[in-house]
Amino acid sequence: MLQLKYIRENKQEVIERLKIKNFDATKIVDELLEADAERRNAQKQLDDTLAISKKLAKEIGMFFKTGEKEKAEEARNNSTELKQKAKELEVSMNKAASKTKELLLEIPNLPHSSVPPGKSEQDNIVVFEEGEIPELGENKVPHWELTDKYKIIDFDLGSKVSGAGFPFYRGKGAKLQRALINFFIDEAIEIGYLEYQTPLLINEASGYGTGQLPDKEGQMYHATEDNLYLIPTAEVPLTNIYRNTILKETDFPIKNVAYSSCFRREAGSYGKDVRGLNRLHQFDKVEIVQIEHPGKSYETLEKMKDHVANLLRKLELPFRILRLCGGDVSFTAALTYDFEVYSAAQERWLEVSSVSNFENFQANRMMLRYKDKEGKTNLAHTLNGSALALPRIVAALLENNQTAEGITIPKALVPYTGFEIID
RNA sequence: GGAGAGAUGGCAGAGUGGUUGAAUGCGGCGGUCUUGAAAACCGUUGACCGUUCGCGCGGUCCGGGGGUUCGAAUCCCUCUCUCUCCGCCA
């Protein structure tokens, strides 16, 4: 959520910058400012009315104490009238206030100045590329055949027990999952992240805090009986820890990491693009979150980007980093780097991580602030990234490392798997 | 799931209808003392909204929502959460 005050004071700039996100804010900003003016006007009148009636109430108390019954009665009558007026004013103030809030929630975050214009993923800019794409020869097969061949992931069994997109991992496949999770967490801890295990179900307020609600409600599984949502990412609990809090400046940077299962309904298309591990309803991910001083958040974003790159490097996977264009940056993000690894049998790039700076957009929604040296409260900045999401990493590892003897495990991972080859 | 108790400032904890946004203690911050620190002493210390160039002024907030009243942290209703006991259970 953008800061109302900022929009009030920088209306044209807001409209201009949102054009990069292909969002025409002209109309909504006008409506917003109108509702806001209405609210402020109503509040002023209400405050004045309440001030008078408060004073009167105090006087009445005094009159009763001193026994001046007649004066008390007279004041009491005046007070009743004021009360009626205050009630009406309050209604119109609340109406304008909720309209304001509603409109504010519909406006996306402003893109960072480095976000390139563009409509779709075609317009994303490759800012970095590393690693060699392996030559696999004629016998190469996609991962969904490899998982069958070595009996390490069973999609059909998942369909039987749950549904499409809920695979079973088995034997070395299961062990590989555990190895990756531990490897990712250890790497994060190594550079100062604090590990968390979080709830997998979250309440409504948390969904609003990070922006999954109200607009992306359909993406989450909803346990209606208890009105709880299954987390689509550990970002939600990990960031909501700080909902409604005021940090000290010395608390920065806050670096949290958590492994969790993630649940996404993604009632999307079926076919080649979503085959095998490419898109699942339940998957595993290690997520990193940082809460940072506004002056340092972009520096921190770069560090997070480097951290993710380092993980891919250690896994010996060819990867590239994209700077997302305006049309592809999410509603809540100001700047996003996507990481893609090359899956050599599918012969395509697969998105495995997304690292974003949300600036104060989430913080404003969840009232995450800090006190600066002068004692003033300001909004903090939030950042997060996948480090990393497992399924597509597994897909790429299986495909890229397939040999006649079996699937080889990258050196960095062997201490975690305890085996060097899946055969 | 059943029965009961409770929810007050960063924390602990007073306060049951009339200058109580809230005693007191701890913590935090500033100062005195000290070579420095501790102790002691003094002072200070909530958030949000509106208004003002600013000092300031006004309003709201004692778990959330609603009600009674001229007036509510204090009374009533409701929801949520926490704790204790019982039941069930990894």
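The chains referred to below are lettered A, B, ... by the order of the sequence lines, with proteins before strands, and numbering in each begins at 1. Hydrogens, waters and symmetry mates play no part in the numbers below; they use all other heavy atoms, side chains included.
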> Is a side-chain donor-acceptor pair under 3.5 Å present for A:Ser114 with A:His112?
Replying inline: yes
>> Quick check on contacts: within residues 40-53 of chain A, what sits under 4.0 Å from RNA chain B by heavy-atom distance?
In response: A:Arg40, A:Gln43, A:Asp47, A:Leu50, A:Ala51
>> Taking A:Glu145 first and then A:Lys149, would you say they form a salt bridge - that is, a charged N and a carboxylate O separated by under 4.0 Å?
In response: no
>> Quick test of your reading of the model: are A:Asp36 and A:Lys99 salt-bridged, counting only N-O distances below 4.0 Å?
In response: no
> Given that both distances must come in under 3.5 Å, which nucleotide forms a Watson-Crick or G-U wobble pair with B:U68?
Replying inline: none
>> Both distances below 3.5 Å, Watson-Crick or wobble geometry, any strand: find the nucleotide opposite B:G46.
In response: B:C61
Could you tell me whether [X] contacts a base, only the sugar-phosphate backbone, or nothing, with contacts defined as non-hydrogen atoms closer than 4.0 Å?
X	value
A:Lys371	sugar-phosphate
A:Ile246	sugar-phosphate
A:Lys248	nothing

> With a distance cut-off below 6.0 Å to the six-membered ring centre and an angular limit of 45° from the axis, does A:Lys172 pair with A:Phe419 as a cation-pi contact?
Replying inline: yes
> Under the side-chain contact (heavy atoms from CB on, under 4.5 Å) criterion, do A:Lys305 and A:Ile321 qualify, and how do the steps go?
Replying inline: CA-CA 9 Å; A:Lys305 186 181 79 172; A:Ile321 304 175; 4.1 Å; yes
> Which class fits the ring pair A:Tyr229 and A:His222: parallel under 30°, tilted 30 to 60°, perpendicular over 60°?
Replying inline: parallel
> Taking only N and O in the side chain of A:Arg39, is any of them less than 4.0 Å away from OP1 or OP2 of B:G50?
Replying inline: yes
>> Nearest whole Å is fine: how far is B:G64 C1' from A:Asn227 CG?
In response: 15 Å
